[in-house]
2 protein chains.
Amino acid sequence: MKPRSSPNIGISEVERETGLSMDVLRKWEGRYGFPAPLRDGRRTRRYPPQQVERLRLIKRLMDTGMRPSQLVGQDEDALAAFARKAPDARHEACAIFLVRLRNDGPEGLRQQLLREHMSLGTERFVLDIIVPLNTAVGDAWARGELDLHEEHAYSEVIQCVLRNMANQLNGAGYAPRVLLTTLPGEEHGLGILMAAALFSLHEAYCISLGTQTPVQAIALAARAHDVDVVALSFSSAYPRRRIGPALDALRRELGAGVEIWAGGAGAARMRAGTSGTLPLATLEQGLEALRRRPATRASGMPASVASSP
Amino acid sequence: MKPRSSPNIGISEVERETGLSMDVLRKWEGRYGFPAPLRDGRRTRRYPPQQVERLRLIKRLMDTGMRPSQLVGQDEDALAAFARKAPDARHEACAIFLVRLRNDGPEGLRQQLLREHMSLGTERFVLDIIVPLNTAVGDAWARGELDLHEEHAYSEVIQCVLRNMANQLNGAGYAPRVLLTTLPGEEHGLGILMAAALFSLHEAYCISLGTQTPVQAIALAARAHDVDVVALSFSSAYPRRRIGPALDALRRELGAGVEIWAGGAGAARMRAGTSGTLPLATLEQGLEALRRRPATRASGMPASVASSP
DNA sequence: AATCGAGATTTGTCTACGACAAAATGCTTA
DNA sequence: TAAGCATTTTGTCGTAGACAAATCTCGATT
């Protein structure tokens, strides 16, 4: 056996474990004095587990909108206090499901969700259960009440349920034709799955490409499948500054004949009017956009999108 | 309107579009003279689309095992020649499905797969259809015969089919209990889905965490669900040098009571005997490992894993 | 001819520190 | 209150070099 391996880990591993880039980790070290990794024989940084844990907590709080200057300099107690104060949007309805997940595992949650689906019908199920449940899980995660692995397990279950719904509903002749995906860097695919389920229900033809499709590939796909709409989703974690340029690039590749819809918490705070894109703050708005669409195919962009204010 | 948006993109966007890190892109520039990005007003690099395309091609070829020195210095023609020579493991059986995908879209492929599943039964369907189909798609993508968006669409369909199989088969009292996921940096989740389907079929209890679970979260999950086995998957694109250290870290967090199984094309070329891990080159080997497991729970590690040569 | 090991080469990661623009914040004024 | 404007914060990108691990090369040995 090798008794060697110290529990301290290198900077790239910290990047992967926390989601904070190496550049940021080094900058913080200089600016705030934290983290303060040890150095091994060469000058390479080695982070003790305790500091990694604290970084994880900081990242969680930052994802809720807090800023590094408020967090990185603080000690453990202050951070813990912030975590307690983090938002908590729990409906009573949601609590049941999270208890299920913890007590009966993924399988238990799945059962409960299917039951609810049968009882409410697809549209109400998605809008009234899945959506608030997602935010509840996000909040619980930010507060540290939910472990990352529970969040992963949750995500898997939801994914499975939504995929089934979307697939069973999707029909060959439906219109408009909608391509759903996320841009590179956006790993959260729940948004497009929810959209696919609801859109299919309202007889749109949905083609999902999963997450992280490069702009160029989206354009090719749009042409290959002759879609009317490209629907993208941006989570709140997606860096806002990147949304505008990315949408510009997409519009350039796509040409003018295809609508771009941007949904998700990240898109809600988007600077408006970017390159003929229709921002959809909520799924309800997405459904409305679907209803308002001119019935005829290939009718160009609707006024709401084409006009640049 | 701002007509001033040049099609050239920045280095971080190239990183996301190609999967090559900024460090590597800069090093190649110095070492091989390629890429040779333009510079904007400040000194920042701006990559023309053509160079990005070539980088994509290089990355594809490198994922098949070629080395930068053979590729990065070469011109377009030489690279195209390499692409033509890339492996091509197409069974006749596979061609049908890919034609389906291209002609009838994702929905067409799904229908065809379901038909085949019914006809062959789950085990043969996964081992004889899905597995070769995956490598055929990978090869086609490396050869440039398949667009990225087609690969994404394919992946979505397969995912959906496999998830359904795994979920319908999974049962409460099954044993052993297996946790399936991938490490951060490994985005390909098809491997664990295939494993989950087959393992469930053989009455293992499968818990999937999706992709990219940090080591510490895996350890917590393993404890929370009281699993006997943690099964990881590594694609051929996963940097080999990272596998060993990552598995060491996992073993440290996990303690000795839980087996670690490593599958996938990346694990197949792993340096053997790393930190009490059982490498599984193929899914068949995975099933065999399942059969050989001592029937009793909590029986410690089997000899094949515990012995350190 | 196949295998092995030592030495050379390739390759990606890591370090350091400065420059800088975009975003967020605070402050003033209409 | 809202709309500017100045200031601070913050992340990204730049250069250049050190270095270890992976891989290749080639001669010696079995």
Side-chain angles (χ1 to χ4, degrees), chain A residues 8-16 18-32 34-35 37-47 55 58-59 61-73 185 236-246 248 266 269-271 274, chain B residues 8-16 18-32 34-35 37-47 55 58-59 61-63 65-73 185 237-246 248 266 269-271 274:
Chain A
N8 300 346
I9 63 181
I11 191 171
S12 62
E13 202 169 346
V14 176
E15 168 172 344
R16 285 191 296 275
T18 65
L20 298 164
S21 80
M22 299 193 318
D23 268 344
V24 164
L25 288 169
R26 286 194 277 251
K27 274 282 176 252
W28 285 2
E29 193 177 323
R31 281 175 184 160
Y32 311 107
F34 183 87
L38 311 174
R39 302 299 181 119
D40 71 355
R42 302 183 292 296
R43 294 178 279 182
T44 69
R45 295 166 170 83
R46 307 248 96 206
Y47 295 79
L55 286 168
I58 291 172
K59 178 59 163 36
L61 291 171
M62 273 191 19
D63 284 345
T64 73
M66 307 197 76
R67 313 213 52 205
S69 60
Q70 303 173 276
L71 297 170
V72 186
S236 58
Y238 194 87
R240 236 169 301 179
R241 75 165 58 102
R242 218 178 276 158
I243 299 184
D248 286 340
R269 329 175 195 161
M270 191 181 74
R271 62 181 64 244
T274 319
Chain B
N8 299 347
I9 63 180
I11 191 171
S12 62
E13 202 169 344
V14 175
E15 168 172 343
R16 284 193 300 275
T18 65
L20 299 163
S21 80
M22 299 193 316
D23 268 344
V24 165
L25 289 170
R26 286 194 277 250
K27 274 284 176 241
W28 283 5
E29 192 178 325
R31 282 176 182 160
Y32 312 107
F34 184 87
L38 311 174
R39 303 298 180 118
D40 71 354
R42 303 184 290 295
R43 290 179 278 181
T44 66
R45 295 167 170 82
R46 307 247 95 208
Y47 295 78
L55 286 168
I58 290 172
K59 178 60 162 40
L61 290 171
M62 275 190 20
D63 285 345
M66 307 197 78
R67 310 214 57 205
S69 58
Q70 305 173 275
L71 298 169
V72 187
Y238 194 86
R240 236 171 301 179
R241 75 162 54 95
R242 216 177 277 160
I243 298 185
D248 287 340
R269 333 176 194 158
M270 193 181 72
R271 62 180 61 243
T274 319

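Labels below follow one simple rule: chain letters A, B, ... track the order of the sequence lines, proteins then strands, and each chain is numbered from 1.
With a 4.5 Å cut-off on side-chain heavy atoms, A:Leu55 and A:Val14 count as touching. Side chains of B:Tyr32 and B:Leu71 form no contact here, defined as non-hydrogen atoms less than 4.5 Å apart.
For A:Ile243 against A:Gly266, the heavy-atom pair with the smallest separation is CD1-O, 3.7 Å. Across all their heavy atoms, B:Lys59 and B:Thr18 have their closest contact at CG-O, 3.4 Å.
Look at CZ on A:Arg16: it is 13 Å from C1' on C:dC14, rounded to the nearest Å. Rounded to an integer number of Å, the gap from CD1 of B:Ile243 to P of C:dG12 is 16 Å. Distance, A:Leu25 CG to C:dC17 P: 17 Å, rounded to whole Å.
Applying the salt bridge (Lys or Arg N to Asp or Glu O under 4.0 Å) test to B:Arg242 and every residue at least two apart in sequence or in another chain returns nothing. Residues satisfying the side chain to side chain contact (heavy atoms under 4.5 Å, CB included) test with A:Arg39, not counting sequence neighbours, are A:Glu29, A:Arg43, A:Arg45. For A:Tyr238, the ring-ring contact (aromatic ring centres under 6.0 Å, His included) test picks out A:Phe234, with sequence neighbours left out. For B:Val24, the side chain to side chain contact (heavy atoms under 4.5 Å, CB included) partners at least two apart in sequence or on another chain are B:Ser21, B:Trp28.
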- [ ] For each nucleotide in nucleotides 8-16 of chain D, reading 5' to 3', give B when a protein heavy atom comes within less than 4.0 Å of its base, S when such contact involves only the sugar-phosphate, and - otherwise.
- [x] -SBBBBSB-

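The C1' atoms of five pairs define one axis at each end of the helix from C:dA1-D:dT30 to C:dA30-D:dT1, and these two axes lie 40° apart (to 10°).
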